[in-house]
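Note on naming: letters A, B, ... go to the chains in the order of the sequence lines (proteins, then strands), and numbering restarts at 1 for each one. From a predicted model like this one, the values you see are computed outputs, not experimental measurements.
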2 protein chains.
Amino acid sequence: MKGLTDKQSKIYDFISECQRENGYPPTQAEIRDHFRFASLNAVRSHLVLIEKKGYIRLNFGKARGIKLSSSPKLLIRKTKESIPLLGRISAGVPIWAEQHFEDFLPIPPSMFGGRELFALHVCGDSMIGAGIRNGDIAVIKKQDWVERGEIAAVLIDQEVTLKRVFLSADSLLLKSENPDFEDLKYLKKNSDFIRILGRYQGIVRTRNNRYRT
Amino acid sequence: MKGLTDKQSKIYDFISECQRENGYPPTQAEIRDHFRFASLNAVRSHLVLIEKKGYIRLNFGKARGIKLSSSPKLLIRKTKESIPLLGRISAGVPIWAEQHFEDFLPIPPSMFGGRELFALHVCGDSMIGAGIRNGDIAVIKKQDWVERGEIAAVLIDQEVTLKRVFLSADSLLLKSENPDFEDLKYLKKNSDFIRILGRYQGIVRTRNNRYRT
DNA sequence: TTTTATACTGCTTATTATATCAGTATTAAT
DNA sequence: ATTAATACTGATATAATAAGCAGTATAAAA
C-alpha cells in the first residue's frame with residue numbers, strides 16, 4: 001500500500017480526530033469547512049484517493065459514510081498494539097529503520113490518536129514548562145512538518161530534542177519551554193542538519209520508565 | 001440516571017453494535033428497518049427518550065447524529081491488560097466498586113509496575129511542580145499508605161487530589177507542588193474525611209486524553 | 001515533452017435523513 | 001378511573017449531504 005501525501009494525511013487525521021471526538025465521522029462539508037476549501041469536490045477527490053490507498057472505505061451515497069480502515073497499516077511489525085521506542089538516532093539513517101528500535105511500549109497507538117507513532121526518551125528539562133520532564137517517554141507522530149508553534153521532535157546534529165517549532169519564510173525558530181534555555185534560530189538555507197522527526201502527541205511517565213513488553 | 005426499558009435497551013444496543021461494526025452510528029431509518037418498524041417516528045420517540053435518560057446525545061438535524069454517551073459497563077469489557085480509569089468517587093463506597101469505573105486504559109499494569117492500579121483524571125495544577133498537569137491521567141497504585149513525602153491520591157471531602165503526603169505522630173500534612181496552593185494540615189484524630197487512595201505511579205498524557213478501547 | 005497524478009473552484013441535481021404534525025393502543029402508576 | 005409514560009402507524013415538509021459535470025493549475029513521472 002502506498003503512503004498518503006501530506007494533504008491526504010492531514011485529511012485522514014482530521015477524520016480520525018472527528019471520529020474520536022464525536023463518535024462519528026465528519027461530512028464532506030465539515031471537512032471542506034475545516035480546510036477552508038471552496039468546493040466540496042476538493043474533499044471528494046481527496047477521499048477517493050485516500051480510499052484507493054486503502055486507508056478509508058467510503059460508503060457511497062450515505063451520509064457520513066467514511067469508515068476508517070481497521071488496520072491503518074502500521075509499519076510496526078513486531079506487535080500490532082505497540083509503539084516502538086527508538087534509541088539513539090543516527091543521522092542519515094531513516095528513523096524508521098529497525099536499527100533504531102530499542103523497545104516497544106505495550107500501548108495501542110490508537111490511544112495517542114495516530115498511525116506511525118514512535119516514542120523517545122526525553123533528555124533534559126528544556127520543555128519543563130510544558131510539563132515534559134527529563135526521563136519521560138514522549139510519544140511522537142512521524143511527520144516532517146508541524147503546525148506553527150507545535151511541539152516537535154527535532155534532530156539537531158545527532159541529538160533529538162523536543163522544541164516548539166516556528167517556521168517562517170527564511171528561518172526556523174526552535175523554542176524551549178524553560179527560561180534557562182536559549183531559543184535556536186536557523187536560516188533555512190543552512191538548516192541541512194535540522195530535521196523534524198515528528199509531532200509531539202503526549203507522554204508516558206512511569207516510576208522508572210522501565211517495563212517489560 | 002434512570003434505567004432503560006427493554007425496548008430502549010435493545011435500540012441502544014443496536015446503535016452500539018453499528019458503532020463498533022461500521023465506525024459510525026446508524027441513521028434513524030436503519031434503526032427502523034432493523035426493528036421492522038413501519039414508521040420513523042417509532043425510532044424517533046425512542047431516541048428522544050433514550051437521550052432524556054442520558055445514554056445518548058442527539059445532534060439534532062444532523063445525519064447520523066447519535067453519540068453514545070460514555071457508558072462504561074455497557075461498552076467496555078475489562079481485559080487483564082488494562083488499567084481502570086475511575087470517574088467520580090463517592091465517599092463511603094469502596095473505590096474498587098464497579099460503579100466508579102469510567103473506562104479502561106489499554107495499557108498493561110506491569111508497565112507501571114504493579115497490580116491493583118487505577119487511573120484518574122487530574123484536575124487542577126496543584127502538582128505542576130512535579131510535572132503533573134491539569135487533564136493528565138494519573139496512574140495510582142491502590143494502597144492506603146505511602147512513604148513519607150511520596151505523592152498520593154487523597155480523597156478529601158468527595159474530592160480526589162494528588163498531594164505529597166507527610167505523616168507525623170499526630171498530624172497529616174498534604175503539600176502541593178505549586179506555590180499558589182497552600183499546604184493542608186489535618187490532626188489525626190479528626191481526619192475521618194481524609195483517605196489515602198493510593199500511591200502515584202506515573203502519568204499518561206495524550207493530546208486530549210480521550211481514546212477508544 | 002507528454003502524460004499522469006494531485007489539488008483544487010463552481011454550479012447543479014439527486015438522494016438521504018431528520019423534523020413535525022396528527023393520530024391509536026397498551027401498560028404502569030396514581 | 002384517570003393520568004402518564006411507553007410503543008407505535010402514516011404522511012409530508014425541509015434540511016443536510018453526497019454525486020455529477022465541467023473546468024484550471026501545478027508538480028512529478030515517463
*asked:* Salt bridge check, Glu30(B) against Arg64(B): does any charged N sit closer than 4.0 Å to a carboxylate O?
replied: yes
Electrostatic pair Asp136(B)-Arg205(A), nearest N-O below 4.0 angstrom
no
Where do Leu172(A) and Val165(A) come nearest, in terms of heavy atoms and distance?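 Scanning both residues completely, I find the closest heavy atoms to be CD1-CG1, 3.8 Å.
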Would you mind reading off the distance between [X] atom [atom1] and [N] atom [atom2], rounded to a whole angstrom?
X	N	atom1	atom2	value
Glu51(A)	dT6(C)	CD	C1'	17 Å
Phe35(A)	dT6(C)	CZ	P	17 Å
Ile11(A)	dT6(C)	CD1	P	12 Å
Ile31(B)	dC8(D)	CD1	P	13 Å
Asp33(A)	dT17(D)	CG	P	10 Å
Arg32(B)	dA7(D)	CZ	P	19 Å

Item checked: Touch class at under 4.0 angstrom, heavy-atom based, for Ala38(A) against every strand present ->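 Sugar-phosphate, no base atom in range.
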Between the protein and nucleotides 16-19 of chain C, list the N/O to N/O atom pairs that are separated by less than 3.5 angstrom.
| residue | atom | partner | partner atom | Å |
| --- | --- | --- | --- | --- |
| dA17(C) | OP1 | Ala63(A) | N | 3.4 |
| dA17(C) | OP1 | Arg64(B) | NH2 | 3.0 |
| dT18(C) | OP1 | Arg64(B) | N | 3.0 |
| dT18(C) | OP2 | Gln28(B) | N | 2.7 |
| dT18(C) | O3' | Gly61(B) | N | 3.2 |
| dA19(C) | OP1 | Gly61(B) | N | 2.4 |
| dA19(C) | OP2 | Gln28(B) | NE2 | 3.4 |
| dA19(C) | OP2 | Arg44(B) | NH1 | 2.2 |
| dA19(C) | OP2 | Arg44(B) | NH2 | 3.1 |

Sorted by position of nearest nucleotide on DNA chain C, 5' first, the leading residue of Leu49(A) and Ala42(A) is Leu49(A)
Exercise for the section: Anything under 30° is parallel, anything over 60° is perpendicular, the rest tilted; go ahead and classify Phe35(A) against Phe14(A). Expected result: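 If you compare the ring of Phe35(A) with that of Phe14(A), the planes turn out perpendicular.
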Testing Lys175(A), Lys163(A), Arg164(A) for salt bridge (charged side-chain N to carboxylate O under 4.0 Å, His left out) with Asp183(A), which one passes?
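Answer after filtering Lys175(A), Lys163(A), Arg164(A): Lys175(A).
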Looking at dG10(D), dT9(C), dC8(D), which one has an atom nearest to any side-chain atom of Phe37(A)?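 Out of dG10(D), dT9(C), dC8(D), the nucleotide with an atom closest to Phe37(A)'s side chain is dT9(C).
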Rounded to 10 degrees, the angle between the two terminal axes of the helix from dT1(C)-dA30(D) to dT30(C)-dA1(D), each from five pairs: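 Answer rounded to 10°: the end axes differ by 40°.
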Non-hydrogen side-chain atoms of Ile203(B) and Phe112(B) separated by less than 4.5 Å: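 Heavy-atom side-chain distance check fails, nothing below 4.5 Å.
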So, OP1 or OP2 of dA7(D): does either fall under 4.0 Å of a side-chain N or O from His46(B)? yes
A quick test of your reading: do over 12 heavy atoms of other residues, nucleotides or ligands sit less than 6.0 Å from CZ of Arg57(B)?
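No, because the 6.0 Å sphere around CZ of Arg57(B) holds 12 heavy atoms or fewer from other groups.
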Q.
Looking at Glu182(A), I'd like to know if its CD atom is crowded, meaning that more than 12 non-hydrogen atoms belonging to other residues, nucleotides or ligands lie closer than 6.0 Å.
A.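 No, because the 6.0 Å sphere around CD of Glu182(A) holds 12 heavy atoms or fewer from other groups.
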In Val160(B), Val154(B), Leu162(B), the residue satisfying side chain to side chain contact (heavy atoms under 4.5 Å, CB included) with Leu197(B) is Val160(B)
